[in-house]
Amino acid sequence: MLIPHDTRIALDTVVDLVNTAPEDGTGGARNGTPDGLADIEALYGFVRSHSLSGVGDLGRRDLRAVLEVRTRFAEVFAAPDARTAADLINRLVAGAGTTPQLTDHDGYDWHVHYFAPGASVADHLAADCGMALAFMVVAGEQERLRRCEAPDCGHAFVDLSRNRSRRYCDSRTCGNRLHVAAYRARRKEAAG
Ligand SMILES: [Zn+2]
Ligand SMILES: [Zn+2]
């Protein structure tokens, strides 16, 4: 599938945002991982590393709002079908008050910003990442928005494999670990 460049960037951003959560929200997996957005300093770091434009001074209110948006996005990645995902995305984007605008800021090619001028960082994320997820639903690709199936992971990821067959994220080499475990189990069986 062809994903426009800016959509791809927004998808990377939302995956990273969801994965800053200390747990995956499904109860169990990833408990004990520290919150990647524990304070305002961490939020500044996130904004910088994802080059979110037009974000000014950040405060407690911003942090709270971003954590709320993060929870909503986590639900989209856990959605069982396109309709559920669509409802969640519609609510997120509506709450952000979008203003689609063509821009070629900072030497980038023409692309659309969905966040309103002067939007808070939470609304910025809800609008632009929400529209990137909307693109996936429109393309019939909601199934590609996944959670890693490794028992102690649950990381969100976008499966860009040709046949939508990826079950594990790559951030913690989950696939590898499970291969090793399966290999050992087979060896044990053969030996016993
Ligand atoms: Zn931009
Ligand atoms: Zn994983």
Side-chain angles (χ1 to χ4, degrees), residues 3-36 44 46-56 58 66 69-70 73-79 92-93 96-136 143-161 164-184:
I3 302 177
H5 181 66
D6 48 327
T7 302
R8 186 75 182 263
I9 289 173
L11 287 174
D12 285 346
T13 302
V14 69
V15 162
D16 288 349
L17 175 66
V18 170
N19 289 338
T20 60
E23 51 179 303
D24 67 0
T26 60
R30 301 191 60 216
N31 284 324
T33 323
D35 195 324
Y44 270 116
F46 185 86
V47 165
R48 264 195 308 274
S49 63
H50 293 86
S51 310
L52 300 181
S53 58
V55 176
L58 301 171
V66 168
V69 163
R70 179 177 76 177
F73 278 131
E75 289 168 0
V76 175
F77 278 84
L92 255 165
V93 172
T98 61
T99 310
Q101 228 164 15
L102 278 159
T103 170
D104 62 349
H105 69 95
D106 297 322
Y108 292 105
D109 284 339
W110 287 106
H111 60 287
V112 179
H113 279 175
Y114 292 97
F115 61 91
S120 70
V121 63
D123 283 350
H124 179 136
L125 288 166
D128 275 44
C129 296
M131 288 308 295
L133 295 174
F135 172 87
M136 295 298 280
E143 267 181 70
R144 292 184 186 273
L145 309 175
R146 299 252 173 93
R147 286 229 175 242
C148 177
E149 290 177 26
D152 54 351
C153 182
H155 260 143
F157 68 96
V158 179
D159 177 7
L160 295 175
S161 66
R164 311 181 191 180
S165 60
R166 247 182 88 192
R167 294 170 58 202
Y168 308 110
C169 75
D170 53 16
S171 57
R172 290 202 264 167
T173 61
C174 286
N176 265 341
R177 253 184 334 164
L178 291 186
H179 278 309
V180 170
Y183 174 76
R184 288 212 183 110

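A quick note: this is a predicted structure, and the numbers were derived from the prediction, not measured. The figures that follow rest on heavy atoms only: side chains count, while hydrogens, waters and symmetry mates do not. Order of listing sets the numbers, starting from 1, for every ligand and every atom in it.
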Exercise. Is it the case that more than 12 heavy atoms not belonging to Arg144 sit under 6.0 Å from its CZ atom?
Worked result: yes
For this session: Output all residues satisfying salt bridge (charged side-chain N to carboxylate O under 4.0 Å, His left out) with Asp35, sequence neighbours left out; order by chain, then residue number.
Result: Arg70
Problem set entry | Minimum heavy-atom distance His124-Ala119, with the two atoms named | N-CB, 4.2 Å
Problem set entry | Degrees at the Zn ion (ligand 2) between the SG atom of Cys153 and the SG atom of Cys174, nearest 10° | 110°
Exercise. Does Asp159 have any salt bridge (charged side-chain N to carboxylate O under 4.0 Å, His left out) partners at least two apart in sequence or in another chain, and if so, which?
Worked result: Arg146
Exercise. So, Asp16 versus His50: side-chain donor-acceptor pair below 3.5 Å or not?
Worked result: yes
For this session: For atom CG of Asp104, decide whether the heavy atoms of other residues, nucleotides or ligands shown that lie under 6.0 angstrom number more than 12.
Result: yes
Problem set entry | Set of residues satisfying salt bridge (charged side-chain N to carboxylate O under 4.0 Å, His left out) with respect to Arg164, sequence neighbours excluded | Glu141, Glu143
For this session: Verify the distance test for His155 against the Zn ion (ligand 2): any N/O/S atom under 2.8 Å, yes or no.
Result: no
For this session: Just the protein N/O/S atoms under 2.8 Å from the Zn ion (ligand 1), please, no waters.
Result: His105 NE2, His111 NE2, His113 NE2
